[in-house]
2 protein chains.
Amino acid sequence: MVSPKTDTEQIRRENRRLLVETLRHQGPLARVELGAITSLSPATVTAITSELVAQGHLQELSSSEEPSGRGRPRVALSLVADSAHYIGIKISINEIRLMLGNYAGEVTKQFSVQLNTSALSPQQLVHELSGEVQRFIDKHHLQMAELKGIGLAVQGVVDQQHGGILWSPAFRQAQPGLAEALSQRFNLPALIANDADCLALALHTQPRYRDTKDLIAIQLGYGVGMGLIQNGQLYLGSRGAIAEFGHTKVSLDGPLCRCGARGCLEAYLGDYALLRDASAFVTLPPGDPMHPSEEQMQYIQKQASLGNENILHIYQQAGRMLGLGLSNLMALYNPEKIVISGPGVRAAPLSQDPIQEALQESLLPYLRDTDCVETHHWNEDLTGKGIIAMLQKMSD
Amino acid sequence: MVSPKTDTEQIRRENRRLLVETLRHQGPLARVELGAITSLSPATVTAITSELVAQGHLQELSSSEEPSGRGRPRVALSLVADSAHYIGIKISINEIRLMLGNYAGEVTKQFSVQLNTSALSPQQLVHELSGEVQRFIDKHHLQMAELKGIGLAVQGVVDQQHGGILWSPAFRQAQPGLAEALSQRFNLPALIANDADCLALALHTQPRYRDTKDLIAIQLGYGVGMGLIQNGQLYLGSRGAIAEFGHTKVSLDGPLCRCGARGCLEAYLGDYALLRDASAFVTLPPGDPMHPSEEQMQYIQKQASLGNENILHIYQQAGRMLGLGLSNLMALYNPEKIVISGPGVRAAPLSQDPIQEALQESLLPYLRDTDCVETHHWNEDLTGKGIIAMLQKMSD
DNA sequence: CCTCAATAATTTGACTGCTTAATTAAGAAT
DNA sequence: ATTCTTAATTAAGCAGTCAAATTATTGAGG
């Protein structure tokens, strides 16, 4: 039997995290306000915040604002954004992107590298990543002392416990021990996460979804990913890999999925599936069909918008299947919100109606009017914010 | 923003619960053993246990056992089984069963009443239940002082937060405010739970599944229910209703389900569905087709075993669909174990193979060899144990 | 029978955390 | 200048944990 025993230091850690997160979300706040929001006593707020001020993570704001009325004016506390830095690495097919996050949770620098990922061995991958990270550190003159962690966001199935990649479209082989290797190389904590989990976490920090206790994030793109917020926090299965929404079956004899089975949702919805199906009707812009480019996707989408019935039908079919999958998701999880994002939302106008239709057809009566599915634009890639947030959760 | 602030009393409550649950699971234990298992310090164990002894919930066992060897002999602590009582009520179609649970978590008395449930109004239901509970209390000479709570286990969709029944096959109408009404009538805490959640909780207390952090319980019977243990504890969605596994879609144009949609898993697997499908091929024993009796189910099952190809085919089809549903479940939740129980497991021999086949066909490669699905006999109804356990979790 | 060794259980002292209540701080109002 | 009001800090007290010391209870051995 495991023993989740609780002790007194855990309390402090929890409450500190609570305060810091409140400040991250609601901006600079005075101690009273923090107390009111968190329902911690003023004394506790003082104790924790003065500790954080001493460490340089918090800062009193010179209150040269509007006349605050009577009484001693409240002095706002704000996070010292550059009191800590985190490095996030997003690994995609043939591209890695490095991101610098600060204590406030913002992504301040980004840098992308093209790299033929698929053939890399674990050793080579560690070598490449280490090199890029070192260059990144040098370029931005980062002090090792203020670097607090490295986080990797990966498309595919990760083993978060052991810090490895079980399967990813970016690599031909598994990448075990990746986190450990990077951790040792830079003497920093390192973690690996699925990119859809990062999306879920990042969405959950946004004002619109902050108070949502149960949220499912669906990432449409090359594949179909899913991340899950339960009880206000990211849920990862006990085995570190969960929620392969893309590989739920929506038909018995559907198209072949790259996982080897038939009828997976992903085999209707994934970029590679859309492209494959569309290629029967139009000649595509050049490119590796296994790794669809944004141009290719834009192209077929445009064809559909321009009235190509065959391709429109592909999108509508995909929408219907997504609706079916979503209805199953709602039946099983009954979340407050399902947010669909990722590059694939570009096609939302084409498949919106079939999604809704399929949803309404399949939903349980008492779920039917809950309006919980929405899309979120993909103007910025939220993965970075997510991986930074994850790093922070483990370190503060 | 909600504030799950932590304080010192929470620690004590948690640790007390930990100790009591350890004793419930592993029987009488000495203080050292408790300390070792929970990894609480001896001092803490003493503090908490002496409090419980003073309250009469714990008792030192006169250690008249085997020579324990050198040293001061350990004195075992045991729960005082009748230091508290709980009343569990299982509400099924046309039957309510009252159960008495004690502090040790055992169900000691049971009593069933036949009752035409379907037409009852909320007022009538409260009236009937109150009457039965009062009779039950009188019959067993229960002291109100040692009664700690009333729990209802209901087939169907419950709203645990508000203590009401949203939908149940037992009733034509919703039953809002049921828990509150009973709570006031007897001046006791009252809660309502789904019966599959109870099953999940009860299974999780069994030795075989005690250390399973993530467990899904499937209850096959009139319908198809599901309960979920996550992170070692029962998970109920934020809205109190979750996991309608029976209403996940496994085919686009399947048979009609009582929920109004087509292709629900339940429309293949539920007793009412099996019976409906079988009725085309055999003449059934008499009975209300909407509420299949155990005799009817036994009858058609026997027909299948005796070689009726048509009926066998129904079971096999059901098995295939269950396999498909399970594979989706595994893709979405990736639990350590899925345990199938409920009266419907009687047909397990008939559908075992198709289940496995469908599973293997649909599973993701890296899940394919995990052997996580198993069945659990239905010799005893575990619902009672579950609802008692749920009451205990809220009160100790 | 007496002493010692071994183990169990309790007690004690130190530490940490939170809360309430009192105190101090810093301006606004008069 | 004095009073009022609100913010922040400090002080006192309590709850909880743990490590270490102490006490209790037995078996082993002379």
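Order of the sequence lines fixes the chain letters, A, B, ..., with proteins taken first and strands second; residue numbering starts at 1 for each chain.
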Trainee: Quick one: B/Leu34 CG to D/dC18 P, roughly how many Å, whole number?
Mentor: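 Checked: the CG to P distance equals 14 Å.
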
Trainee: Please report the distance, rounded to the nearest Å, between CZ in B/Arg13 and C1' in D/dG16.
Mentor: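 After rounding, the gap between these two atoms is 13 Å.
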
Trainee: Does a side-chain N-to-carboxylate-O contact under 4.0 Å join B/Arg12 and B/Glu51?
Mentor: yes

Trainee: Rounded to whole angstroms, how far apart are CZ on B/Arg12 and P on C/dC18?
Mentor: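 Atom CZ in B/Arg12 sits about 18 Å away from atom P in C/dC18.
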
Trainee: I need the single residue from A/Asp197, A/Leu228, A/Leu215 that forms a side chain to side chain contact (heavy atoms under 4.5 Å, CB included) with A/Leu234. Which is it?
Mentor: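 The option that passes is A/Asp197.
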
Trainee: Taking only heavy atoms on the protein side, list every residue of residues 43-54 of chain A lying under 4.0 Å from any atom of DNA chain D, sorted numerically.
Mentor: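 A/Ala43, A/Thr46, in order of number.
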
Trainee: Distance check: side-chain N/O of A/Asn15 vs OP1/OP2 of C/dC18, anything under 4.0 Å?
Mentor: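 For C/dC18, OP1 or OP2 has a side-chain N or O of A/Asn15 closer than 4.0 Å.
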
Trainee: Between P on D/dT17 and CG on B/Leu18, what's the gap in Å once rounded to a whole number?
Mentor: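 It is 11 Å, rounded to the nearest whole Å.
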
Trainee: In whole angstrom, give the distance that lies between atom CZ of A/Arg74 and atom P of D/dA7.
Mentor: 4 Å

Trainee: Could you check whether A/Gln184 and A/Glu180, counting side-chain N and O atoms only, form a donor-acceptor pair closer than 3.5 Å?
Mentor: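 Result is yes, a qualifying pair exists.
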
Trainee: Hey, could you give me each pair passing salt bridge (charged side-chain N to carboxylate O under 4.0 Å, His left out) that has a residue in residues 30-41 of chain A? Not counting sequence neighbours.
Mentor: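 Residue pairs with at least one partner in residues 30-41 of chain A: A/Arg31-A/Glu60, A/Glu33-A/Arg74.
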
Trainee: In whole Å, I'd like the distance from the CD atom of A/Glu14 to the C1' atom of C/dG17.
Mentor: 14 Å

Trainee: Sequence neighbours excluded, which residues qualify as ring-ring contact (aromatic ring centres under 6.0 Å, His included) partners of B/His162?
Mentor: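 Here no residue qualifies.
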
Trainee: Enumerate the protein-to-nucleotides 22-25 of chain C contacts in which both atoms are nitrogen or oxygen and the separation is below 3.5 Å.
Mentor:
{"unit_1": "C/dA25", "atom_1": "O4'", "unit_2": "A/Arg72", "atom_2": "NH1", "d": "3.3"}

Trainee: Applying salt bridge (Lys or Arg N to Asp or Glu O under 4.0 Å), run through A/Lys385 and A/Glu106 and close with a yes or a no.
Mentor: CA-CA 7 Å; A/Lys385 273 203 159 168; A/Glu106 302 152 346; over 6 Å; no

Trainee: Partners of B/Glu146 by salt bridge (charged side-chain N to carboxylate O under 4.0 Å, His left out), sequence neighbours excluded?
Mentor: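 Per chain and number, B/Glu146 pairs via salt bridge (charged side-chain N to carboxylate O under 4.0 Å, His left out) with no residue.
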
Trainee: Could you tell me which residues satisfy salt bridge (charged side-chain N to carboxylate O under 4.0 Å, His left out) with B/Arg208, sequence neighbours excluded, listed by chain and number?
Mentor: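 For B/Arg208 the salt bridge (charged side-chain N to carboxylate O under 4.0 Å, His left out) partners, ignoring immediate neighbours, are B/Glu374.
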
Trainee: Is any side-chain heavy atom of A/His57 closer than 4.5 Å to one of A/Val80?
Mentor: no

Trainee: Atom CG of B/Leu61 and atom P of C/dA8: how far apart are they, to the nearest Å?
Mentor: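 After rounding, the reported distance stands at 17 Å.
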
Trainee: Which nucleotide sits closest to the side chain of B/Ile11: C/dG27, D/dT17, C/dA8?
Mentor: D/dT17

Trainee: Can you check the A/Arg31 CZ to C/dC18 P distance for me, whole Å?
Mentor: 16 Å

